[in-house]
Enquirer: 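Got a structure for you, questions after.
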Amino acid sequence: MTVTHDVRRTVSRLADGRQIIYFDDTAEAPARTAVDSRELGPRAAAGHIRHDALTGDWVAVAGHRMHRTFLPPRDECPLCPTGRGSVPSEVPDADYDVVVFENRFPSYAPVAVDDVSAPEGYLHAPALGRTEVVCFTSDHESTFAALSPHRVRTVVDVWADRTAELGADPDVAHVFCFENRGQEIGVTLHHPHGQVYGYPYVPARTAEMLARATEHHARTGRLLGADLLAAEQADGSRVVLTGEHWTAYVPYAARWPVEVHLAPHRDVPDLVALDDAERDELAHVYLELLRLLDGYFVGDDGASVRLPYIAAWHQAPTRTGRDVSRLLLQVMSVLRGPGKLKYLAGSESGVGGWVTDTRPEAVAARLRELAR
Ligand SMILES: [Zn+2]
(Lines give C-alpha, C1' and ligand atoms only; values in the text may rest on other atoms or scores of the structure.)
Protein backbone atom coordinates (compact mmCIF):
# COMPACT_ATOMS: atom_id res chain seq x y z
CA MET A 1 0.00 0.00 0.00
CA THR A 2 1.27 3.45 -0.83
CA VAL A 3 1.30 6.09 1.86
CA THR A 4 1.32 9.72 0.77
CA HIS A 5 4.77 11.13 1.37
CA ASP A 6 4.69 13.83 4.03
CA VAL A 7 6.71 16.96 3.19
CA ARG A 8 6.48 20.30 5.03
CA ARG A 9 6.83 23.26 2.69
CA THR A 10 8.03 26.62 4.09
CA VAL A 11 8.22 29.61 1.73
CA SER A 12 10.46 32.57 2.59
CA ARG A 13 12.50 35.35 0.96
CA LEU A 14 16.24 36.02 0.81
CA ALA A 15 17.69 39.48 1.54
CA ASP A 16 17.43 40.56 -2.12
CA GLY A 17 13.84 39.34 -2.50
CA ARG A 18 14.55 36.00 -4.15
CA GLN A 19 12.26 33.15 -3.12
CA ILE A 20 13.53 30.26 -0.98
CA ILE A 21 11.43 27.18 -0.18
CA TYR A 22 12.31 24.55 2.43
CA PHE A 23 10.96 21.05 1.84
CA ASP A 24 11.38 19.13 5.10
CA ASP A 25 10.72 15.40 5.14
CA THR A 26 11.66 14.56 8.74
CA ALA A 27 9.05 14.95 11.48
CA GLU A 28 11.57 16.41 13.93
CA ALA A 29 12.72 19.21 11.59
CA PRO A 30 12.35 22.55 13.44
CA ALA A 31 10.42 25.46 11.90
CA ARG A 32 12.49 27.26 9.24
CA THR A 33 12.29 30.84 10.51
CA ALA A 34 15.87 32.15 10.12
CA VAL A 35 16.19 35.53 8.41
CA ASP A 36 18.82 36.25 5.75
CA SER A 37 21.07 38.84 7.43
CA ARG A 38 23.30 39.56 4.44
CA GLU A 39 23.32 42.93 2.72
CA LEU A 40 22.84 41.88 -0.86
CA GLY A 41 21.41 44.94 -2.60
CA PRO A 42 18.81 44.49 -5.31
CA ARG A 43 18.46 41.08 -6.95
CA ALA A 44 20.25 40.52 -10.25
CA ALA A 45 18.07 40.86 -13.32
CA ALA A 46 18.44 38.42 -16.20
CA GLY A 47 19.64 39.68 -19.55
CA HIS A 48 18.12 38.95 -22.92
CA ILE A 49 17.81 36.14 -25.45
CA ARG A 50 18.93 36.43 -29.04
CA HIS A 51 17.51 34.48 -31.93
CA ASP A 52 20.05 32.62 -34.06
CA ALA A 53 18.75 33.25 -37.56
CA LEU A 54 20.96 30.47 -39.00
CA THR A 55 19.48 27.65 -36.90
CA GLY A 56 16.33 29.05 -35.29
CA ASP A 57 17.73 28.48 -31.76
CA TRP A 58 17.58 31.05 -28.97
CA VAL A 59 20.71 31.96 -26.98
CA ALA A 60 20.55 33.54 -23.51
CA VAL A 61 23.08 36.35 -23.01
CA ALA A 62 23.80 36.64 -19.29
CA GLY A 63 27.07 38.55 -18.91
CA HIS A 64 26.92 38.70 -15.11
CA ARG A 65 27.24 34.90 -14.94
CA MET A 66 30.96 35.41 -15.63
CA HIS A 67 31.21 36.55 -12.00
CA ARG A 68 29.35 33.58 -10.50
CA THR A 69 30.88 31.54 -7.71
CA PHE A 70 33.39 29.06 -9.14
CA LEU A 71 34.54 26.11 -7.01
CA PRO A 72 34.70 28.07 -3.73
CA PRO A 73 36.69 26.69 -0.77
CA ARG A 74 34.80 24.19 1.39
CA ASP A 75 34.06 26.75 4.17
CA GLU A 76 32.55 29.27 1.75
CA CYS A 77 30.06 26.90 0.12
CA PRO A 78 26.92 28.96 -0.70
CA LEU A 79 24.71 25.84 -0.55
CA CYS A 80 25.63 24.66 2.96
CA PRO A 81 23.33 25.89 5.76
CA THR A 82 24.46 29.17 7.34
CA GLY A 83 26.70 28.54 10.36
CA ARG A 84 28.57 25.58 8.89
CA GLY A 85 31.12 27.73 7.08
CA SER A 86 32.97 30.98 7.62
CA VAL A 87 30.44 33.18 5.78
CA PRO A 88 26.61 33.32 5.64
CA SER A 89 25.41 31.15 2.77
CA GLU A 90 22.40 31.28 0.44
CA VAL A 91 20.44 29.24 3.02
CA PRO A 92 19.79 31.32 6.19
CA ASP A 93 18.65 28.36 8.32
CA ALA A 94 21.05 26.20 10.36
CA ASP A 95 19.91 23.04 8.54
CA TYR A 96 17.48 21.76 5.91
CA ASP A 97 16.31 18.52 4.32
CA VAL A 98 15.79 19.78 0.75
CA VAL A 99 15.81 23.47 -0.18
CA VAL A 100 15.08 25.37 -3.38
CA PHE A 101 15.97 28.99 -4.10
CA GLU A 102 16.16 31.30 -7.09
CA ASN A 103 19.63 31.43 -8.61
CA ARG A 104 21.63 34.52 -7.64
CA PHE A 105 23.18 34.59 -11.11
CA PRO A 106 20.14 33.78 -13.25
CA SER A 107 20.07 32.94 -16.95
CA TYR A 108 16.30 33.58 -16.73
CA ALA A 109 14.50 35.60 -14.05
CA PRO A 110 11.13 37.31 -13.41
CA VAL A 111 13.01 40.59 -13.98
CA ALA A 112 15.09 40.96 -17.12
CA VAL A 113 16.94 43.84 -18.74
CA ASP A 114 16.61 43.81 -22.48
CA ASP A 115 18.55 46.94 -23.35
CA VAL A 116 19.98 45.90 -26.70
CA SER A 117 18.99 47.31 -30.00
CA ALA A 118 19.05 44.67 -32.70
CA PRO A 119 20.06 45.40 -36.25
CA GLU A 120 17.42 44.98 -38.93
CA GLY A 121 16.40 41.33 -39.35
CA TYR A 122 17.50 40.14 -35.93
CA LEU A 123 15.23 39.17 -33.04
CA HIS A 124 15.77 39.52 -29.30
CA ALA A 125 13.61 39.34 -26.19
CA PRO A 126 14.01 39.74 -22.41
CA ALA A 127 15.24 36.54 -20.72
CA LEU A 128 12.11 36.25 -18.59
CA GLY A 129 11.59 32.99 -16.71
CA ARG A 130 13.07 31.24 -13.70
CA THR A 131 16.33 29.56 -12.74
CA GLU A 132 16.33 27.72 -9.44
CA VAL A 133 18.85 25.71 -7.42
CA VAL A 134 17.71 22.51 -5.66
CA CYS A 135 19.93 21.32 -2.79
CA PHE A 136 19.29 17.60 -2.24
CA THR A 137 20.84 17.46 1.25
CA SER A 138 22.61 19.77 3.70
CA ASP A 139 25.54 17.30 3.74
CA HIS A 140 28.25 18.92 1.61
CA GLU A 141 30.18 15.66 1.14
CA SER A 142 27.23 13.57 -0.03
CA THR A 143 26.04 12.79 -3.54
CA PHE A 144 22.63 12.00 -5.06
CA ALA A 145 23.46 8.28 -5.23
CA ALA A 146 24.05 8.25 -1.45
CA LEU A 147 20.64 9.74 -0.57
CA SER A 148 18.05 7.53 1.16
CA PRO A 149 15.02 6.38 -0.90
CA HIS A 150 12.92 8.53 1.47
CA ARG A 151 14.95 11.63 0.53
CA VAL A 152 14.89 10.83 -3.20
CA ARG A 153 11.11 10.54 -2.95
CA THR A 154 11.11 14.08 -1.48
CA VAL A 155 13.25 15.31 -4.37
CA VAL A 156 10.77 13.78 -6.85
CA ASP A 157 7.97 15.69 -5.10
CA VAL A 158 10.08 18.86 -5.26
CA TRP A 159 10.67 18.44 -9.01
CA ALA A 160 6.91 17.98 -9.48
CA ASP A 161 6.17 21.01 -7.26
CA ARG A 162 8.56 23.23 -9.22
CA THR A 163 7.29 21.94 -12.58
CA ALA A 164 3.72 22.85 -11.56
CA GLU A 165 4.59 26.27 -10.12
CA LEU A 166 6.98 27.42 -12.84
CA GLY A 167 4.67 25.94 -15.48
CA ALA A 168 1.85 28.19 -14.24
CA ASP A 169 3.98 31.30 -14.88
CA PRO A 170 2.77 32.91 -18.15
CA ASP A 171 6.41 33.77 -19.01
CA VAL A 172 7.49 30.10 -18.86
CA ALA A 173 7.07 27.90 -21.94
CA HIS A 174 9.09 24.93 -20.74
CA VAL A 175 10.29 23.54 -17.37
CA PHE A 176 13.52 21.53 -17.26
CA CYS A 177 14.74 19.74 -14.11
CA PHE A 178 18.32 18.51 -14.31
CA GLU A 179 21.47 17.62 -12.41
CA ASN A 180 25.08 17.99 -13.52
CA ARG A 181 27.43 15.86 -11.46
CA GLY A 182 31.20 16.00 -11.64
CA GLN A 183 33.72 18.63 -12.56
CA GLU A 184 34.08 16.97 -15.99
CA ILE A 185 30.52 18.18 -16.74
CA GLY A 186 31.31 21.75 -15.70
CA VAL A 187 29.97 21.71 -12.15
CA THR A 188 31.03 24.91 -10.35
CA LEU A 189 29.86 23.89 -6.85
CA HIS A 190 30.57 20.49 -5.26
CA HIS A 191 27.60 20.52 -2.85
CA PRO A 192 25.00 17.98 -4.11
CA HIS A 193 22.47 20.01 -6.06
CA GLY A 194 20.44 20.18 -9.24
CA GLN A 195 18.70 22.97 -11.09
CA VAL A 196 15.33 23.85 -12.54
CA TYR A 197 15.06 26.15 -15.56
CA GLY A 198 11.83 27.78 -16.66
CA TYR A 199 12.50 28.92 -20.24
CA PRO A 200 10.53 31.64 -22.03
CA TYR A 201 10.62 29.48 -25.19
CA VAL A 202 10.66 25.76 -26.02
CA PRO A 203 14.38 24.80 -26.25
CA ALA A 204 15.73 23.38 -29.52
CA ARG A 205 16.07 19.72 -28.55
CA THR A 206 12.66 19.69 -26.84
CA ALA A 207 11.12 21.28 -29.94
CA GLU A 208 12.80 18.66 -32.14
CA MET A 209 11.50 15.79 -29.96
CA LEU A 210 8.04 17.36 -29.93
CA ALA A 211 7.99 17.60 -33.73
CA ARG A 212 8.86 13.87 -33.98
CA ALA A 213 6.20 12.93 -31.42
CA THR A 214 3.58 15.08 -33.17
CA GLU A 215 4.34 13.51 -36.56
CA HIS A 216 4.23 9.98 -35.06
CA HIS A 217 0.91 10.65 -33.36
CA ALA A 218 -0.66 12.09 -36.51
CA ARG A 219 0.45 9.03 -38.49
CA THR A 220 -0.31 6.23 -35.99
CA GLY A 221 -2.60 7.71 -33.34
CA ARG A 222 -0.09 6.51 -30.73
CA LEU A 223 2.54 8.11 -28.50
CA LEU A 224 6.10 7.84 -29.82
CA GLY A 225 7.49 7.49 -26.28
CA ALA A 226 5.14 4.59 -25.54
CA ASP A 227 6.01 2.82 -28.81
CA LEU A 228 9.75 3.17 -28.15
CA LEU A 229 9.35 1.78 -24.62
CA ALA A 230 7.31 -1.16 -25.95
CA ALA A 231 9.96 -1.85 -28.60
CA GLU A 232 12.75 -1.86 -26.00
CA GLN A 233 10.74 -4.14 -23.68
CA ALA A 234 9.97 -6.56 -26.53
CA ASP A 235 13.59 -6.70 -27.71
CA GLY A 236 15.14 -6.76 -24.25
CA SER A 237 18.79 -6.57 -25.35
CA ARG A 238 19.19 -2.97 -24.18
CA VAL A 239 16.99 -3.17 -21.06
CA VAL A 240 18.90 -2.52 -17.84
CA LEU A 241 16.25 -2.54 -15.09
CA THR A 242 12.52 -3.21 -14.93
CA GLY A 243 10.12 -2.44 -12.12
CA GLU A 244 6.34 -2.42 -11.84
CA HIS A 245 6.11 1.20 -13.02
CA TRP A 246 9.47 2.01 -14.67
CA THR A 247 11.91 0.54 -17.19
CA ALA A 248 15.50 1.67 -17.78
CA TYR A 249 17.18 0.95 -21.09
CA VAL A 250 20.12 2.06 -23.21
CA PRO A 251 18.51 3.75 -26.23
CA TYR A 252 18.88 2.04 -29.63
CA ALA A 253 20.85 4.98 -31.03
CA ALA A 254 22.64 6.14 -27.85
CA ARG A 255 25.00 8.98 -28.66
CA TRP A 256 26.92 9.36 -25.38
CA PRO A 257 29.53 6.76 -24.24
CA VAL A 258 27.22 5.83 -21.34
CA GLU A 259 23.54 6.72 -21.75
CA VAL A 260 20.40 5.30 -20.13
CA HIS A 261 16.76 6.32 -20.48
CA LEU A 262 14.30 5.72 -17.64
CA ALA A 263 10.65 5.71 -18.74
CA PRO A 264 7.38 5.32 -16.81
CA HIS A 265 5.07 2.48 -17.93
CA ARG A 266 2.04 4.79 -17.87
CA ASP A 267 1.57 7.61 -20.38
CA VAL A 268 2.26 10.79 -18.40
CA PRO A 269 3.30 14.18 -19.85
CA ASP A 270 5.35 15.34 -16.87
CA LEU A 271 6.51 14.73 -13.29
CA VAL A 272 3.37 16.38 -11.91
CA ALA A 273 1.21 13.58 -13.33
CA LEU A 274 3.10 10.78 -11.52
CA ASP A 275 1.06 9.10 -8.78
CA ASP A 276 2.35 8.06 -5.35
CA ALA A 277 3.18 4.48 -6.35
CA GLU A 278 5.16 5.70 -9.38
CA ARG A 279 7.04 8.29 -7.31
CA ASP A 280 7.88 5.72 -4.64
CA GLU A 281 9.25 3.23 -7.13
CA LEU A 282 11.12 5.94 -9.03
CA ALA A 283 13.11 6.70 -5.87
CA HIS A 284 14.28 3.07 -5.64
CA VAL A 285 14.82 2.45 -9.37
CA TYR A 286 16.75 5.69 -9.89
CA LEU A 287 19.06 4.97 -6.94
CA GLU A 288 19.71 1.47 -8.28
CA LEU A 289 20.46 2.92 -11.72
CA LEU A 290 22.96 5.41 -10.25
CA ARG A 291 24.60 2.55 -8.31
CA LEU A 292 25.09 0.62 -11.55
CA LEU A 293 26.45 3.69 -13.36
CA ASP A 294 28.98 4.29 -10.57
CA GLY A 295 30.24 0.73 -11.05
CA TYR A 296 30.47 0.95 -14.83
CA PHE A 297 34.14 1.90 -15.11
CA VAL A 298 36.90 0.43 -12.96
CA GLY A 299 40.20 2.32 -12.67
CA ASP A 300 43.73 0.85 -12.77
CA ASP A 301 43.67 0.69 -8.97
CA GLY A 302 40.67 -1.65 -9.12
CA ALA A 303 38.31 0.93 -7.62
CA SER A 304 35.15 1.90 -9.46
CA VAL A 305 35.04 5.39 -10.97
CA ARG A 306 32.33 7.77 -9.81
CA LEU A 307 30.64 8.54 -13.12
CA PRO A 308 30.25 12.19 -14.07
CA TYR A 309 26.77 12.55 -15.55
CA ILE A 310 23.99 14.83 -16.71
CA ALA A 311 20.50 13.75 -15.63
CA ALA A 312 17.86 15.45 -17.80
CA TRP A 313 14.08 15.24 -17.32
CA HIS A 314 12.28 15.53 -20.63
CA GLN A 315 8.74 16.76 -20.00
CA ALA A 316 5.91 18.18 -22.07
CA PRO A 317 6.20 21.94 -22.66
CA THR A 318 3.81 23.94 -20.47
CA ARG A 319 1.28 24.87 -23.14
CA THR A 320 2.03 22.97 -26.37
CA GLY A 321 2.12 19.30 -27.36
CA ARG A 322 0.95 18.02 -24.00
CA ASP A 323 -1.20 15.32 -25.60
CA VAL A 324 1.70 13.78 -27.56
CA SER A 325 4.63 14.24 -25.11
CA ARG A 326 5.72 11.56 -22.68
CA LEU A 327 7.93 11.90 -19.58
CA LEU A 328 11.48 10.53 -19.90
CA LEU A 329 14.65 10.74 -17.82
CA GLN A 330 17.88 10.74 -19.83
CA VAL A 331 21.10 10.07 -17.92
CA MET A 332 24.27 10.54 -19.97
CA SER A 333 28.00 10.67 -19.39
CA VAL A 334 30.93 12.11 -21.32
CA LEU A 335 33.28 9.54 -19.76
CA ARG A 336 34.40 6.88 -22.26
CA GLY A 337 36.92 5.24 -19.98
CA PRO A 338 38.67 5.93 -16.66
CA GLY A 339 40.24 9.38 -17.09
CA LYS A 340 39.12 9.59 -20.73
CA LEU A 341 36.52 12.12 -21.87
CA LYS A 342 34.53 12.19 -25.06
CA TYR A 343 34.84 15.65 -26.57
CA LEU A 344 32.13 17.02 -28.76
CA ALA A 345 34.55 17.73 -31.55
CA GLY A 346 34.29 18.54 -35.26
CA SER A 347 31.52 16.19 -36.36
CA GLU A 348 29.31 16.64 -33.27
CA SER A 349 29.92 20.36 -32.68
CA GLY A 350 30.19 21.35 -36.32
CA VAL A 351 27.23 19.61 -37.91
CA GLY A 352 25.62 17.53 -35.15
CA GLY A 353 26.85 14.28 -36.68
CA TRP A 354 27.30 11.97 -33.71
CA VAL A 355 29.84 9.16 -33.72
CA THR A 356 30.05 6.64 -30.89
CA ASP A 357 32.54 3.85 -30.33
CA THR A 358 30.46 1.86 -27.85
CA ARG A 359 27.66 -0.50 -28.90
CA PRO A 360 24.48 0.26 -26.91
CA GLU A 361 23.85 -3.50 -26.41
CA ALA A 362 27.31 -3.90 -24.82
CA VAL A 363 26.67 -0.98 -22.46
CA ALA A 364 23.35 -2.53 -21.37
CA ALA A 365 24.97 -5.97 -20.88
CA ARG A 366 27.69 -4.44 -18.68
CA LEU A 367 25.09 -2.62 -16.54
CA ARG A 368 22.94 -5.79 -16.22
CA GLU A 369 26.03 -7.71 -15.10
CA LEU A 370 26.51 -5.15 -12.29
CA ALA A 371 22.84 -5.51 -11.29
CA ARG A 372 23.33 -9.15 -10.30
ZN1 LIG B 1 28.12 22.84 0.85
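We number each residue from 1, following the sequence as shown. Note that ligands are numbered from 1 as they come in the structure, with each ligand's atoms numbered from 1 the same way.
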Enquirer: Which N, O or S atom name in His191 marks its closest approach to the Zn ion (ligand 1)?
Expert: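 Nearest N/O/S atom of His191: ND1.
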Enquirer: Can Gln195 and Glu132 be counted as having a side-chain donor-acceptor contact under 3.5 angstrom?
Expert: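 Not at all, the side chains of Gln195 and Glu132 share no donor-acceptor pair under 3.5 Å.
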Enquirer: Once you measure the plane-to-plane angle for Tyr201 and Trp58, does it fall in the parallel (<30°), tilted (30-60°) or perpendicular (>60°) bin?
Expert: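 Tilted, since the angle between the ring planes falls between 30° and 60°.
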Enquirer: Taking 2.8 Å as the cut-off, does an N/O/S atom of His140 lie below it from the Zn ion (ligand 1)?
Expert: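 Yes, His140 qualifies, because one of its backbone or side-chain N, O or S atoms lies under 2.8 Å.
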Enquirer: Under a 3.5 Å cutoff, is there a donor and acceptor pairing between the side chains of His216 and Asp227?
Expert: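 Looking only at side-chain atoms, Asp227 and His216 do form a donor-acceptor pair, the distance falling under 3.5 Å.
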Enquirer: Quick check for you: with the Zn ion (ligand 1) as the vertex, what angle do SG of Cys80 and SG of Cys77 span, to 10°?
Expert: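 The two atoms subtend 120° at the Zn ion (ligand 1).
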Enquirer: Testing Val133, Leu14, Asp36 one by one against Ile20 for a side chain to side chain contact (heavy atoms under 4.5 Å, CB included), which residue passes?
Expert: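 Going through Val133, Leu14, Asp36 one by one, the side chain to side chain contact (heavy atoms under 4.5 Å, CB included) with Ile20 is satisfied by Leu14 alone.
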